[in-house]
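Shown next, in structure tokens, is the structure this report addresses.
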Amino acid sequence: MSLTAAPPYRRARPGTAGLLAAGLFGASFALLATLVAARHGAPYALDRDIHQWAVDHRPPVLTALLRLVTATGTGPLPYLCAAGAGWIAGHDIRSRLRTAAGALAFLLTAQAVRYAVMYCLARSRPPTADWAAHASGFAFPSGHTTTSALVAGLLALALCRKTGSAGHRWIRALLGCWAVGVGLSRICLGVHWPTDVLGGWLYALAWLSAAATWLRSVPGSHHGRPATASGRHSPIPQDRR
């Protein structure tokens with residue numbers, strides 16, 4: 001009995017999905033920023049409703065916990081984590097130092113652009129009487145939300161690059177929960193409107209999608225496919241007889 005040869009494996013153009021995702025998230029963020037600017041920063045009805053509900057439903061114990069969560073989204077910790085993500089992604093001392101510096105540069109660049117957007121829109125925060133934590137500066141997009149999402153994404157990308165898409169899933173899930181928790185804490189503590197937090201997530205996802213696309217073109221990344229002896233990923237499982 002003759003066997004028909006399987007058709008050659010065709011790989012999709014690298015980076016297409018990542019570029020589309022980056023464009024989608026970037027366009028969504030730009031649309032949201034336009035809507036915020038159209039009202040000169042004034043909150044929408046949904047903003048006010050969610051904000052008031054959060055302020056009315058935060059017992060002291062939850063408030064204390066949220067203050068601890070929100071504190072992890074600012075200060076030196078996120079930058080140390082970003083450098084740690086670069087260190088994880090490297091293979092030797094030299095490459096670890098290079099990728100750590102690259103991860104820090106990525107975070108600092110994204111933060112610089114965020115500050116430019118924030119000062120251009122100059123959106124006011126909710127009334128200070130509703131605050132349950134310290135806050136400063138303008139509101140959109142949320143700095144804590146953006147920073148934690150960017151750092152969580154950098155750490156997740158580093159783990160994927162090192163172990164493949166199937167490795168350390170539970171760690172990446174925890175990182176996602178942390179980033180979401182920091183964003184939600186800003187709403188519950190009354191220092192940000194919900195659209196500020198949504199804007200921070202969209203902004204971070206746009207940058208991370210672009211970063212993931214770039215990483216796919218860098219030698220040494222893993223995408224969950226077994227590697228052959230030549231170092232290339234095998235597109236289809238080998239038939240064992």
Side-chain angles (χ1 to χ4, degrees), residues 25 28-37 39-82 107-108 110-156 173-208:
F25 290 126
S28 299
F29 173 76
L31 175 60
L32 182 58
T34 301
L35 293 173
V36 169
R39 291 174 59 89
H40 303 286
Y44 285 86
L46 186 61
D47 270 326
R48 292 193 299 268
D49 291 343
I50 296 177
H51 169 79
Q52 194 58 52
W53 185 92
V55 169
D56 293 340
H57 296 81
R58 56 181 189 200
V61 174
L62 177 61
T63 300
L65 177 61
L66 290 173
R67 285 174 180 152
L68 293 175
V69 172
T70 206
T72 63
T74 189
L77 178 61
Y79 294 90
L80 291 174
C81 290
L107 181 58
L108 288 170
Q111 295 285 49
V113 176
R114 177 182 67 82
Y115 271 102
V117 173
M118 185 176 67
Y119 279 99
C120 284
L121 294 179
R123 188 185 203 185
S124 299
R125 293 177 181 270
T128 54
D130 296 336
W131 294 8
H134 172 73
S136 61
F138 296 116
F140 183 92
S142 166
H144 285 66
T145 302
T146 303
T147 304
S148 60
L150 286 170
V151 171
L154 285 173
L155 287 167
L174 286 176
L175 289 170
C177 290
W178 168 62
V180 171
V182 171
L184 293 178
S185 73
R186 305 306 286 169
I187 300 173
C188 295
L189 292 172
V191 294
H192 274 291
W193 302 111
T195 45
D196 299 335
V197 172
L198 176 59
W201 285 332
L202 292 173
Y203 179 83
L205 287 171
W207 279 81
L208 291 171

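Quick caveat: nothing in here was measured; it's all calculated off a predicted structure. Both backbone and side-chain heavy atoms feed into the values below; hydrogens, waters and symmetry mates do not.
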Sub-3.5 Å donor-acceptor pair from the side chain of R125 to the main-chain atoms of A139, do we have one? no
So CG of L155 and CG of L174: to nearest 0.5 Å the spacing works out to 12.0 Å
Measure from the side-chain N and O atoms of R39 to the backbone N and O of P43, and report whether any donor-acceptor pair falls under 3.5 Å. yes
Taking all non-hydrogen atoms of both residues, which atom of L208 and which atom of A149 are closest, and how far apart? CD1-O, 3.4 Å
Taking every non-hydrogen atom, the tightest pair across P141 and G199: CB-C, 3.9 Å
What orientation do F29 and F140 show, parallel under 30°, tilted 30 to 60°, or perpendicular over 60°? parallel
Heavy-atom donor-acceptor pair, T70 side chain to L66 backbone, under 3.5 Å: no
Has R67 got a side-chain atom pairing as donor or acceptor with A132's backbone, closer than 3.5 angstrom? yes
Heavy atoms of A54 and C188 approach each other most closely as CB-CA, 3.9 Å
Tell me if a side-chain donor or acceptor on T72 pairs with a main-chain N or O of V69 at a distance below 3.5 Å. yes
Has the side chain of W193 got a donor or acceptor atom that lies under 3.5 Å from a matching backbone atom of A42? no
From CG (L150) to SG (C81), nearest 0.5 Å: 12.5 Å
Mark yes or no for whether T74, through its side chain, and A71, through its backbone, hold a donor-acceptor pair below 3.5 Å. no
D196 bridged to R186 by N-O distance under 4.0 Å: no
Which pair of non-hydrogen atoms, one from A133 and one from L189, has the smallest distance, and what is that distance? CB-CD1, 3.8 Å
Side-chain donor or acceptor of Y203 paired with backbone N/O of R114 under 3.5 Å: yes
Can you check whether T195's main-chain N or O pairs, donor with acceptor, with Y44's side chain at less than 3.5 Å? no
Where do I187 and P194 come nearest, in terms of heavy atoms and distance? CD1-CA, 3.8 Å
Are any of the side-chain heavy atoms of V151 and L107 separated by less than 4.5 Å? yes
Check Y79 against Q111 and note the closest heavy-atom contact, atom names and distance. OH-NE2, 3.3 Å
The criterion is side-chain hydrogen bond (donor to acceptor under 3.5 Å, both in side chains); which residues satisfy it with D130, sequence neighbours excluded? H51
W53: what forms a ring-ring contact (aromatic ring centres under 6.0 Å, His included) with it, not counting sequence neighbours? H57
Side-chain heavy atoms of T146 within contact of W207, under 4.5 Å: no
